[in-house]
Amino acid sequence: MKEEFIEKAFIRDGKEIEGPVAAMSLLSASSMRFRWNEKNERREAFLKKISGKKTIAQVELIHSKTVYAVENADELFQQQGDGIITRQKNLVPVITVADCMPIFLYEAETGLFGVLHSGWKGTGIVKEALDLARSLYGSKAENFSVILGPHIHKCCYLVDEERIAYFSSTFTPSCVEEDKEKKGFFRLSLADANLSILEKAGVRRENIFVSDECTCCTKYADSSFKYGSFRREAGSINIPFTVQAAWIKWND
């Protein structure tokens with residue numbers, strides 16, 4: 001039986017540190033799709049198992065740059081957005097992704113931690129989270145440890161010229177490259193775009209871990225796919241695909 005999720009510790013000065021753990025469900029866990037007006041029994045059972053005695057804090061994803069800073073999970077009831085930050089160790093902030101990038105944050109000095117959903121529309125949400133953390137808690141960007149989790153990499157992420165122009169001018173030209181085979185199409189690196197944002201915000205590169213796994217093409221040794229992927233499984237919002245949960249949690 002394949003594992004149902006992966007975990008990763010934060011780094012500081014290039015070394016793993018004690019703190020909350022970032023995690024993400026895998027294809028084998030089945031779809032973690034979440035809507036307030038829907039019931040997903042598989043998701044509920046899965047999150048109950050991984051959260052233990054802690055409380056799940058969740059929002060309905062809308063591909064925005066909206067981040068919530070919360071003290072308890074009830075504050076998020078019926079809320080829509082794409083990021084959650086908190087200092088409460090009894091909470092397990094959870095978002096969903098399917099090729100989009102999960103971004104995990106931790107600042108040891110204030111005890112702040114959180115998770116963000118960063119798709120192409122929401123690229124820049126990490127700056128919103130850092131600004132919110134600074135304004136509410138006095139957090140400093142240079143103290144943050146950040147994990148850019150598994151997401152669709154440029155090996156599989158072909159986009160048109162209009163989207164590339166936006167990313168190149170808004171973030172950094174280094175996050176795009178022209179495809180050698182398909183004229184008029186380009187390869188987009190969400191990692192490079194977010195690294196540029198983090199660097200400009202003041203987060204130190206040695207405190208950032210970037211996953212090298214692509215949700216669209218990474219496989220196990222038996223050639224089965226490891227992650228769910230909107231691009232690989234569907235390509236259209238009208239076709240079902242395997243949504244994954246990404247969360248951050250203090251282990252007991």
Check side chain to side chain donor-acceptor pair (under 3.5 Å) between S211 and all other residues, then give those that pass, not counting sequence neighbours. none
Can any side-chain N or O of S224 pair as donor or acceptor with the backbone N or O of Y220 at less than 3.5 Å? no
Does the side chain of S229 pick up a donor-acceptor pair with the side chain of T215 at under 3.5 Å? no
Side-chain ion pair, E109 and K140, N-O less than 4.0 Å: no
Minimum heavy-atom separation for A57 and I84, please, with both atom names. O-CD1, 3.3 Å
For E199, does the CD atom have more than 12 heavy-atom neighbours from other residues, nucleotides or ligands under 6.0 Å away? no
With a distance cut-off below 6.0 Å to the six-membered ring centre and an angular limit of 45° from the axis, does R232 pair with F225 as a cation-pi contact? yes
Pairs satisfying ring-ring contact (aromatic ring centres under 6.0 Å, His included), at least one member in residues 83-111, at least two apart: F10-Y106, Y106-W250
Are more than 12 heavy atoms from other residues, nucleotides or ligands located less than 6.0 Å from atom NZ of K65? yes
Checking D13 now: which residues fulfil side-chain contact (heavy atoms from CB on, under 4.5 Å) with it, not counting sequence neighbours? R204, E206, N207
Side chain to side chain contact (heavy atoms under 4.5 Å, CB included) with T96: which of R43, R35, Q58, E60? R43
Pair W247-F5, ring pair (Phe, Tyr, Trp, His ring centres under 6.0 Å): steps then yes or no: CA-CA 10 Å; W247 65 92; F5 65 92; 5.5 Å; yes
Rounded to the nearest 0.5 Å, the CD atom of E4 sits from the CD1 atom of I50 at a distance of 11.0 Å
Hey, can you tell me if H153 and H151 have their rings parallel, tilted or perpendicular (30° and 60° cut-offs)? parallel
Are R134 and D131 within salt-bridge range, i.e. N to O under 4.0 Å? yes
Side chain to side chain contact (heavy atoms under 4.5 Å, CB included) partner of Y227, the single match among I152, L26, T242: L26
Do we get K49 above F46's six-membered ring, with its NZ or CZ under 6.0 Å from the centre and within 45° of the axis? no
For the pair R231 and D99, find out whether any cationic side-chain nitrogen is under 4.0 Å from an anionic carboxylate oxygen. no
